[in-house]
Amino acid sequence: CLLWCVTQMQRWLDKGRDLYGMQSVLIGQIHDCMLFDCPPEELDDVLEAAHWYMTVGVRKHWDWITVPLLVEVDVTPVSGNWHQKSPYSRSANGTWKPKEKK
């Protein structure tokens, strides 16, 4: 499933680069994660596309997947490192923001 999502995201990014001049890059895959280098102004679009492919698109592609799939998102500050990543969540209006701390 992850490999399918990675290929779909790469195609989406290639199309975005050709049509809109997007600069986001899919750097790679680590265990069960996709890793992107993404300008802040493209963050919502990239996260929304990744979320769709990993929760809806993959289930449309393989209809034998009958359970809901969840995605966890972590984002670092610009030029941040792995230790600085913090969880993000999708708001009701579809934008992504840092999760509220409990």
Side-chain angles (χ1 to χ4, degrees):
C1 292
L2 178 60
L3 180 58
W4 183 87
C5 292
V6 166
T7 25
Q8 298 308 305
M9 278 302 299
Q10 186 60 56
R11 288 178 183 164
W12 182 84
L13 289 166
D14 289 343
K15 192 176 196 180
R17 193 170 2 274
D18 292 343
L19 295 175
Y20 308 111
M22 288 182 72
Q23 297 175 351
S24 295
V25 177
L26 176 56
I27 294 176
Q29 167 263 325
I30 300 172
H31 301 290
D32 60 350
C33 302
M34 284 191 278
L35 181 62
F36 296 93
D37 188 4
C38 178
E41 61 272 9
E42 296 177 7
L43 182 63
D44 278 342
D45 293 332
V46 170
L47 292 180
E48 194 60 30
H51 183 268
W52 187 88
Y53 282 115
M54 291 188 285
T55 61
V56 178
V58 71
R59 290 182 66 200
K60 287 182 181 224
H61 183 70
W62 287 307
D63 60 357
W64 51 265
I65 300 175
T66 59
V67 296
L69 300 174
L70 303 175
V71 173
E72 294 177 358
V73 174
D74 290 320
V75 176
T76 66
V78 173
S79 298
N81 61 47
W82 199 262
H83 180 70
Q84 295 172 305
K85 65 184 181 135
S86 60
Y88 265 52
S89 63
R90 191 171 179 236
S91 66
N93 68 359
T95 60
W96 290 82
K97 61 181 182 174
K99 271 188 180 175
E100 306 243 345
K101 293 182 182 175
K102 296 179 180 180

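Values below: every heavy atom of this structure, side chains too, minus hydrogens, waters and symmetry copies. As the structure is a computational prediction, the values presented were derived from the model and not from experiment.
Counting heavy atoms from C-beta outward, Val71 and Arg90 have side chains that stay 4.5 Å or more apart. With contacts defined as side-chain heavy-atom distances shorter than 4.5 Å, the pair Glu72/Tyr88 does not qualify. Residues Trp96 and Val73 have side chains in contact (heavy-atom distance under 4.5 Å, counting atoms from C-beta outward). Side chains of Leu69 and Val58 form a contact here, defined as non-hydrogen atoms less than 4.5 Å apart. Between Cys33 and Leu2 the shortest side-chain heavy-atom distance does not fall below 4.5 Å. Side-chain contact check for Ser24 versus Pro39: some heavy-atom pair is nearer than 4.5 Å. Contact of the Trp52 side chain with the Lys60 side chain is registered, since non-hydrogen atoms from C-beta on lie closer than 4.5 Å.
The structure places CG of Leu26 at 8.0 Å from CG of Leu35, a figure rounded to the nearest 0.5 Å. We find the SG-NE2 distance between Cys5 and His61 to be 9.5 Å, quoted to the nearest 0.5 Å. A distance of 9.0 Å separates OH in Tyr53 from CZ in Arg11, rounded to the nearest 0.5 Å. Trp12 CH2 to Met22 CE: the interatomic distance, rounded to the nearest 0.5 Å, is 3.5 Å. Taking NZ of Lys97 as the start and NZ of Lys99 as the end, the distance is 12.0 Å to the nearest 0.5 Å. Considering CG of Asp45 and CG of Leu13, their distance stands at 10.5 Å, rounded to 0.5 Å.
Criterion: ILVMFWY side-chain heavy atoms under 4.5 Å apart, direct or through other members. Under it, Ile27 and Leu47 are not part of a common hydrophobic cluster. The cluster map of Ile, Leu, Val, Met, Phe, Trp and Tyr, joined by side-chain heavy atoms under 4.5 Å apart, puts Met9 and Leu19 in the same cluster. In terms of hydrophobic clustering, with Ile, Leu, Val, Met, Phe, Trp and Tyr side chains grouped at heavy-atom distances under 4.5 Å, Trp64 and Leu3 are assigned to different clusters.
For Arg17, the salt bridge (Lys or Arg N to Asp or Glu O under 4.0 Å) partners two or more places apart in sequence, or in a different chain, are Asp14. In this structure, the side-chain hydrogen bond (donor to acceptor under 3.5 Å, both in side chains) partners of Ser91, at least two apart in sequence or on a different chain, are Asn93, Thr95. Not counting sequence neighbours, Arg59 has no partner by the salt bridge (Lys or Arg N to Asp or Glu O under 4.0 Å) test.
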Walk me through whether Thr55 and Leu70 qualify under side-chain contact (heavy atoms from CB on, under 4.5 Å).
CA-CA 6 Å; Thr55 61; Leu70 303 175; 5.9 Å; no
Does the side-chain contact (heavy atoms from CB on, under 4.5 Å) test come out yes or no for Lys15 and Tyr20, once each step is laid out?
CA-CA 8 Å; Lys15 192 176 196 180; Tyr20 308 111; over 6 Å; no
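When every heavy atom of Gln29 is checked against every heavy atom of His31, the shortest pair comes out as NE2-O, 2.6 Å. Asp74 and Pro87 get closest at one heavy-atom pair: OD1-CA, 3.2 Å.
Under the 3.5 Å distance criterion, with hydrogens and angles disregarded, no donor-acceptor pair is assigned to the side chains of Thr76 and Gln84.
Heavy atoms from other residues, nucleotides or ligands lying under 6.0 Å from CD of Glu41 number more than 12.
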